[in-house]
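Reviewing the structure listed below.
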Amino acid sequence: MNVLIAGAGPTGLTLGIELARRGIPVRVIDKATEYFDGSRGDGLQPRTLEVFEDLGVLDEVLRQGISMPPMKIHLSGQLVGERRMADPVEPTPAIPYPNALMLGQSRTEAILRDKLAEYGVQVELDTALVGFTQTEETVTAELSTGETVEADYLVGADGGRSFVRKHLGIAFEGTTDESIRMLLGDVSADGLDHQSGYWFAAADNPMAGIALTPLSGGDQFQFGAPLDSDDADTSLEGLQALVDKYAGPGVAKLRNLTWSTVWRPNVRLAERFRVGRVFIAGDAAHVHPPTGGQGLNTGVQDAYNLGWKLADGREEVLATYETERRTNAARVLGISEDLMQKHVDGDESAMDRGENTRQLDVSYRNPADTRPLVSGDRAPDAPLVDAAGNKTRLFELFRGPHETLIRFSPTTPPTHPHTVDIGTAYHSPDAVAAYCAHSGDEILIRPDGYLA
Ligand SMILES: Cc1cc2nc3c(=O)[nH]c(=O)nc-3n(C[C@H](O)[C@H](O)[C@H](O)COP(=O)(O)OP(=O)(O)OC[C@H]3O[C@@H](n4cnc5c(N)ncnc54)[C@H](O)[C@@H]3O)c2cc1C
């Protein structure tokens with residue numbers, strides 16, 4: 001079995017690790033000639049942090065990332081208060097990482113690339129997918145290097161303009177709001193405190209302003225400003241003129257602009273996520289407005305859902321990728337779109353990112369089933385102690401590419417290779433409470449941490 005992944009963004013890299021750590025031969029190609037160096041998706045949601053723990057990259061992500069800073073709100077030159085997009089929450093036994101983390105996308109990608117390289121897989125730059133055909137048994141892909149590749153599966157993780165999606169003729173329904181344009185960039189700002197974020201606007205129009213949010217690992221901020229025309233000046237001088245307009249002259253002196261772009265919000269969802277042996281994932285399958293910080297995170301979750309299924313290879317397992325992830329993408333697009341509309345309407349509650357942006361409530365359960373914890377729900381974490389009194393956590397025990405059987409006060413010897421016996425080998429009132437479990441109950445956890 002072998003897999004070709006087109007696109008080495010967060011989605012393709014996550015999928016590459018998922019396959020490589022299962023020993024599946026995988027190639028990750030990218031048409032870019034160098035790695036992208038902008039902060040773009042800089043918010044990592046709690047569920048993504050849990051996935052990163054399983055992939056073995058969380059320590060590095062926590063080391064490089066920063067928690068969401070408070071935003072200092074300045075209206076017409078006056079500091080009027082401080083706000084957070086989400087109030088920090090204390091961890092619980094079930095939710096070890098309850099808060100989003102800020103890390104520029106280029107840094108997240110570098111961490112994922114390093115992990116992939118540990119499995120001996122290097123991203124192949126300057127290598128575009130330029131054509132493919134498939135039969136029931138195989139996919140034949142043409143690369144821009146002139147090479148022809150035979151693979152069991154092809155995954156298009158090739159971004160919003162996905163070649164794979166277009167070549168499959170999959171419709172990408174939705175909207176591009178031509179009325180909204182934003183100038184985004186990574187820039188240093190003398191005069192501003194890098195421990196804080198900033199919102200500068202006019203008092204009579206407080207929701208139309210510019211945001212500067214600190215980026216970790218230096219003194220840059222991610223800059224975002226609304227534009228009223230297409231011919232924006234994306235140079236340092238252009239950004240400085242906008243800061244002077246909204247914050248007032250002399251408040252911040254910009255320098256060290258390393259990335260800038262004009263961006264318009266897109267909300268689109270692919271009609272299908274799969275045709276035969278070819279799958280699409282991440283932005284190739286759904287594109288989001290930045291409100292709510294969901295795009296990168298949803299792509300990582302797609303890859304985490306697809307990886308073990310490709311490795312499994314059974315049709316009934318593979319078929320669940322589209323049903324589970326397309327339903328979820330539609331829901332997430334609804335959340336981001338609502339927040340976007342609130343911004344456009346000048347509704348202040350758009351500044352608050354609610355519970356549902358954390359992606360901890362992502363579930364593949366049957367919606368008609370209203371019981372508290374059922375098949376398809378995220379498996380909660382819980383602290384445990386083993387018979388010798390050593391502390392561990394459920395997440396540590398089901399970390400890795402395998403599924404795990406949890407048994408509560410079992411009376412028979414284990415038959416599953418990855419069994420956690422609570423009440424005999426391990427003790428945990430928190431696990432019993434979280435899983436509402438009774439003596440003799442057994443719960444199977446999928447490789448991606450959802451109840452089977
Ligand atoms: C300005 C901006 C701000 C954003 N803010 C956030 C945020 O705060 N939070 C968040 O979660 N998300 C955010 N996003 C979205 C996030 O950046 C994307 O959702 C994320 O990059 C998607 O990852 P991906 O791997 O699916 O696709 P991409 O990152 O787009 O990667 C696709 C890759 O495929 C390659 N490729 C394309 N065609 C081919 C081909 N034919 N052959 C081979 N390779 C190919 C490309 O070179 C690229 O490297 C933002 C996006 C933008 C633009």
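Read the numbers this way: they start at 1 and go in the same order the structure lists the ligands and their atoms.
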[X] bridged to [Y] by N-O distance under 4.0 Å:
X: Glu173; Y: Arg268; value: no
X: Arg22; Y: Asp312; value: no
X: Arg113; Y: Asp30; value: no

Nearest non-hydrogen atom to [atom] belongs to which of [options]?
atom: atom 49 (O) of ligand 1; options: Ile5, Asp283, Asp30, Thr33; value: Asp30
atom: atom 1 (C) of ligand 1; options: Leu184, Leu129, Ile280, Leu44; value: Leu184
atom: atom 4 (C) of ligand 1; options: Arg40, Met102, Lys31; value: Arg40

Please enumerate all residues that pass salt bridge (charged side-chain N to carboxylate O under 4.0 Å, His left out) together with Arg21, with sequence neighbours excluded.
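Only Glu18, Asp54 meet the salt bridge (charged side-chain N to carboxylate O under 4.0 Å, His left out) criterion with Arg21.
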Ligand 1 N/O within reach of [X] N/O, cut-off under 3.5 Å:
X: Trp263; answer: no
X: Ala281; answer: no
X: Trp259; answer: no
X: Gln105; answer: yes
X: Phe163; answer: no
X: Thr11; answer: yes
X: Ala128; answer: no
X: Ala6; answer: no
X: Glu109; answer: no

Between Phe221 and His194, how do the two ring planes meet: parallel, tilted or perpendicular, split at 30° and 60°?
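Rings of Phe221 and His194: perpendicular, over 60°.
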Give the ring-plane orientation class for Tyr321 versus Phe273, where under 30° counts as parallel, over 60° as perpendicular and anything between as tilted.
tilted
Could you list the atoms of ligand 1 found under 4.0 angstrom from a heavy atom of [X]?
X: Gly7; answer: 33 (C), 34 (O), 35 (C), 44 (N)
X: Asn297; answer: 11 (O)
X: Gly295; answer: 10 (C), 11 (O), 12 (N), 19 (O)
X: Gly282; answer: 26 (O)
X: Ala157; answer: 32 (C), 33 (C), 34 (O)

If you measure from each non-hydrogen atom of [X] to ligand 1, which part falls under 4.0 Å: side chain, backbone, both or neither?
X: Asp42; answer: both
X: Ala284; answer: neither
X: Leu296; answer: both

How would you list, by chain and number, every residue that makes a ring pair (Phe, Tyr, Trp, His ring centres under 6.0 Å) with His167, sequence neighbours excluded?
Phe132, Phe163
For Gln359, run the side chain to side chain donor-acceptor pair (under 3.5 Å) check against Gln45, Gln294, Arg378 and tell me which one passes.
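Only one option passes, and that is Gln294.
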Going by heavy atoms in the side chains, are [X] and [Y] under 4.5 Å from each other?
X: Arg27; Y: Val121; result: no
X: Gln240; Y: Ser235; result: no
X: Arg107; Y: Val61; result: no

Heavy-atom contact check, 4.0 Å cutoff: does Gly41 meet ligand 1?
yes
Atom pair OG/CG of Ser216 and Leu103 - distance to nearest 0.5 Å
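So the OG of Ser216 and the CG of Leu103 are separated by 4.5 Å.
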Sort out for me which residue in Arg277, Lys309, Arg274 forms a salt bridge (Lys or Arg N to Asp or Glu O under 4.0 Å) with Glu315.
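Single pass found, and it is Arg274.
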